[in-house]
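Numbers here are sequence positions counted from 1. What's counted below: heavy atoms across the whole structure, side chains too, no hydrogens, waters or symmetry copies.
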Amino acid sequence: MAIKGVLFDFSGTLFCVESTESWLRTVTGRAGLALPQDELLHWTRRLEWAGALPGGVAPRMVPAHLAQLWADRDRSGELHRAAYEGLAREARLPWPELYGPLYERHMEPAAWAPYPDTAEVLEALRARGTGVAVVSNIGWDLRPVFRAHGLDTLVDTYALSYEHAVQKPDPRLFSVACHALGVAPEDTVMVGDNRRADAGAAALGCAVHLVDHRPVADRPDALRRVLDLVDRAD
């Protein structure tokens, strides 16, 4: 099998979102709230327990009244915002005016950092003539993140769940990406960090390669394995 296209997940694969503490500190600081460290950590733990940061720690438990919203969150921007603002409200912050700014902060390019080998691997794939698509369950346009980090010219196309009202593991989202790249699924590998969502590409005939979702500093070179897969297939 010759690999002619590589599909990448976004969060936890190519990029990692800032820590919950950094997220909360940024938003409270903008609001003029100078929190003592112990208070900042208290509300950080509450938000992490709730799973309120998109791309961050998953909810420990999704409340029943948010269950359907959570299941469908990546089908539209409205659902995505409602789900995550709903989870943030479960933390019972004493500043209800911050729920909106917290959600909006996570969409800023500065809230995201590429993994150390992201640029290297994307550049190497471009040099090999291998098509690259980003296939993400998401409720907002992540293209500005790639532009801000100078990586947009290394991605050929994007298949974003909210733009197609379909979310991984549904094979239709992977099919959108393969069609846009002009490659057959059997000549494609999907690279992601979620065994359930990203492995859905296998139903379409794509190979699947999984990486661990870790902080940027703890995962320096996991994506380089993708180059080995491409070269070995050739």
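Of all non-hydrogen atoms in C206 and L7, the two that sit nearest each other are SG-CD1, 4.5 Å. Across all non-hydrogen atoms, the minimal contact from L98 to A31 is CD2-CB, 3.8 Å. Taking all atoms of both residues into account, the shortest heavy-atom contact from T13 to G192 is OG1-CA, 3.4 Å. Counting all heavy atoms, side chain and backbone alike, L87 lies closest to P63 at CD2-CD, 4.1 Å. Summarising the geometry of H209 relative to A222, their closest heavy-atom pair is NE2-O, 4.5 Å, with the distance given to 0.1 Å.
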Counting only pairs under 3.5 Å, give me each side-chain donor-acceptor contact of residues 168-176, with atom names and distances, residues two or more places apart or in other chains.
| from | atom 1 | to | atom 2 | distance (Å) |
| --- | --- | --- | --- | --- |
| K168 | NZ | D9 | OD1 | 3.0 |
| K168 | NZ | V135 | O | 3.0 |
| K168 | NZ | D198 | OD1 | 2.7 |
| D170 | OD1 | R172 | N | 2.9 |
| D170 | OD1 | R172 | NE | 3.1 |
| D170 | OD2 | R172 | NE | 3.1 |
| D170 | OD2 | R172 | NH2 | 2.7 |

Enumerate donor-acceptor pairs with a distance under 3.5 Å from any side-chain N or O in residues 33-45 to protein atoms, sequence neighbours excluded.
| from | atom 1 | to | atom 2 | distance (Å) |
| --- | --- | --- | --- | --- |
| Q37 | NE2 | E21 | OE2 | 3.0 |
| T44 | OG1 | L40 | O | 2.8 |

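The cluster map of Ile, Leu, Val, Met, Phe, Trp and Tyr, joined by side-chain heavy atoms under 4.5 Å apart, puts V189 and Y115 in different clusters. In the hydrophobic clustering of this structure, L227 groups with V191; members are Ile, Leu, Val, Met, Phe, Trp, Tyr whose side-chain heavy atoms approach within less than 4.5 Å, directly or through other members. A continuous path of Ile, Leu, Val, Met, Phe, Trp and Tyr side chains, each step under 4.5 Å between heavy atoms, connects L154 with V230, placing both in one hydrophobic cluster. Put simply, M190 and V211 are part of two different groups of oily side chains (I, L, V, M, F, W, Y) that touch within less than 4.5 Å, one to the next.
Side-chain N or O atoms of N137 include none that pairs as donor or acceptor with a backbone N or O of D74 at under 3.5 Å. No donor-acceptor distance shorter than 3.5 angstrom exists from the side chain of S22 to the backbone of S19, with no hydrogens or angles considered. Formation of a donor-acceptor pair under 3.5 Å by the E18 side chain with backbone atoms of G56 is not found in this model. A donor-acceptor distance shorter than 3.5 angstrom exists from the side chain of W23 to the backbone of L102, with no hydrogens or angles considered. Of the possible polar contacts, none joining the R232 side chain to the D228 backbone as a donor-acceptor pair under 3.5 Å is found. Checked by atom type and distance alone, the side chain of R219 pairs as donor or acceptor with a backbone atom of G12 at under 3.5 Å. Looking only at distances, no side-chain donor or acceptor of T157 sits under 3.5 Å from a matching main-chain atom of A177. The backbone N or O of T153 lies less than 3.5 Å from a partner atom in the side chain of R126, making a donor-acceptor pair. Looking only at distances, a side-chain donor or acceptor of T188 sits under 3.5 Å from a matching main-chain atom of A184.
Environment of CZ in R195: sparse, with no more than 12 heavy atoms of neighbouring residues, nucleotides or ligands closer than 6.0 Å. More than 12 heavy atoms of other residues, nucleotides or ligands lie within 6.0 Å of CZ in R143, so this atom counts as buried by the packing criterion.
Residue F15 holds its CZ atom at 11.5 Å from OG of S136, rounded to the nearest 0.5 Å. Taken to the nearest 0.5 Å, the CG atom of L66 stands 5.5 Å off from the CD atom of E90. If you take OG1 on T130 and CG on L122, they are separated by 11.0 Å, rounding to the nearest 0.5 Å. The line from CG of D187 to SG of C178 is 9.0 Å long, rounded to the nearest 0.5 Å. Once rounded to the nearest 0.5 Å, the distance linking CG of L93 with CG of L24 reads 7.0 Å. The structure places CZ of R224 at 5.5 Å from CG of D117, a figure rounded to the nearest 0.5 Å.
For the pair L210 and D193, the minimum side-chain heavy-atom distance is 4.5 Å or more.
Screening residues 51-73 for ring-ring contact (aromatic ring centres under 6.0 Å, His included) gives W70-Y84 as the qualifying pairs, with residues at least two apart or on separate chains.
Ring centers of H149 and F146: at least 6.0 Å apart, outside the cut-off.
For the side-chain hydrogen bond (donor to acceptor under 3.5 Å, both in side chains) test with W140, the passing option among H80, H106, E104 is H106; the others fail.
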